[in-house]
Amino acid sequence: MKGKNLKSIVFSGCSLTAGAGFNQLDLMQMVKDSPYLWTNLFQQSSSKYKNMEQVNISVSGSSNTEIFENTIKYLAENSNNIDTLFCEW
């Protein structure tokens, strides 16, 4: 069951992780809730992560520097709530 005190699984990256291209009408729109996005497939296939809150901070078109900076900022503000973080370059 998802809740405020539950640890989260965090994904950070570029368009591949943000879900770009999953919307047939607007390929640039992010579709982070698509059941076919790799982050969701991974989470649903893992017994450890299946019931955790998923946080996807990915932004399409992000450079490696932007991904790094966004990840560090998120960690600094939310480190107590994170179980696992995946950073995709």
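Positions are given from 1, in the same order as the sequence printed here. In what follows, every heavy atom counts, from backbone to side chain, and hydrogens, waters and symmetry copies are set aside.
- With rounding to the nearest 0.5 angstrom, the CG atom of Asn56 is 7.5 Å from the CG atom of Asn40.
- Scanning both residues, Ser62 and Cys14, for their nearest heavy atoms gives O-CB, 3.9 Å.
- The shortest heavy-atom contact between Val10 and Ser8 is CG2-OG, 3.8 Å.
- Interatomic distance, Leu41 CG to Ser46 OG, rounded to the nearest 0.5 Å: 12.5 Å.
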(message) Run Ile9 and Gln43 through side chain to side chain contact (heavy atoms under 4.5 Å, CB included) and show every step you take.
(response) CA-CA 8 Å; Ile9 178 173; Gln43 183 182 21; 3.7 Å; yes
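- Rounding to the nearest 0.5 angstrom, the gap separating the CZ atom in Phe11 from the NZ atom in Lys32 is 12.0 Å.
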(request) Might you work through the side chain to side chain contact (heavy atoms under 4.5 Å, CB included) test for Lys48 and Asp83, ending with a clear yes or no? (result) CA-CA 10 Å; Lys48 177 179 178 179; Asp83 178 86; 3.5 Å; yes
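- Screening Thr71, Ile72, Thr65 for a side-chain contact (heavy atoms from CB on, under 4.5 Å) involving Glu69 leaves a single residue, Thr65.
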(request) Apply the test side chain to side chain contact (heavy atoms under 4.5 Å, CB included) to residues Ile82 and Lys7: give CA-CA distance (whole Å), side-chain angles for both, the deciding distance (0.1 Å), then the verdict. (result) CA-CA 5 Å; Ile82 299 171; Lys7 296 286 187 174; over 6 Å; no
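- Atom OG of Ser58 and atom CD1 of Ile67 lie 7.5 Å apart (nearest 0.5 Å).
- With a 4.5 Å cut-off on side-chain heavy atoms, Ser12 and Thr17 do not count as touching.
- At a threshold of 4.5 Å between non-hydrogen side-chain atoms, the residues Gln54 and Thr39 count as touching.
- Atom CD1 of Ile57 and atom CG of Leu75 lie 7.5 Å apart (nearest 0.5 Å).
- At least one donor-acceptor pair under 3.5 Å links the side chain of Ser63 to the backbone N or O of Glu66.
- Between the NZ atom in Lys73 and the CG atom in Asn78 there is a gap of 10.5 Å [rounded to 0.5 Å].
- Residue pairs meeting the ring pair (Phe, Tyr, Trp, His ring centres under 6.0 Å) criterion with at least one partner in residues 45-79, sequence neighbours excluded, are Phe42-Tyr49.
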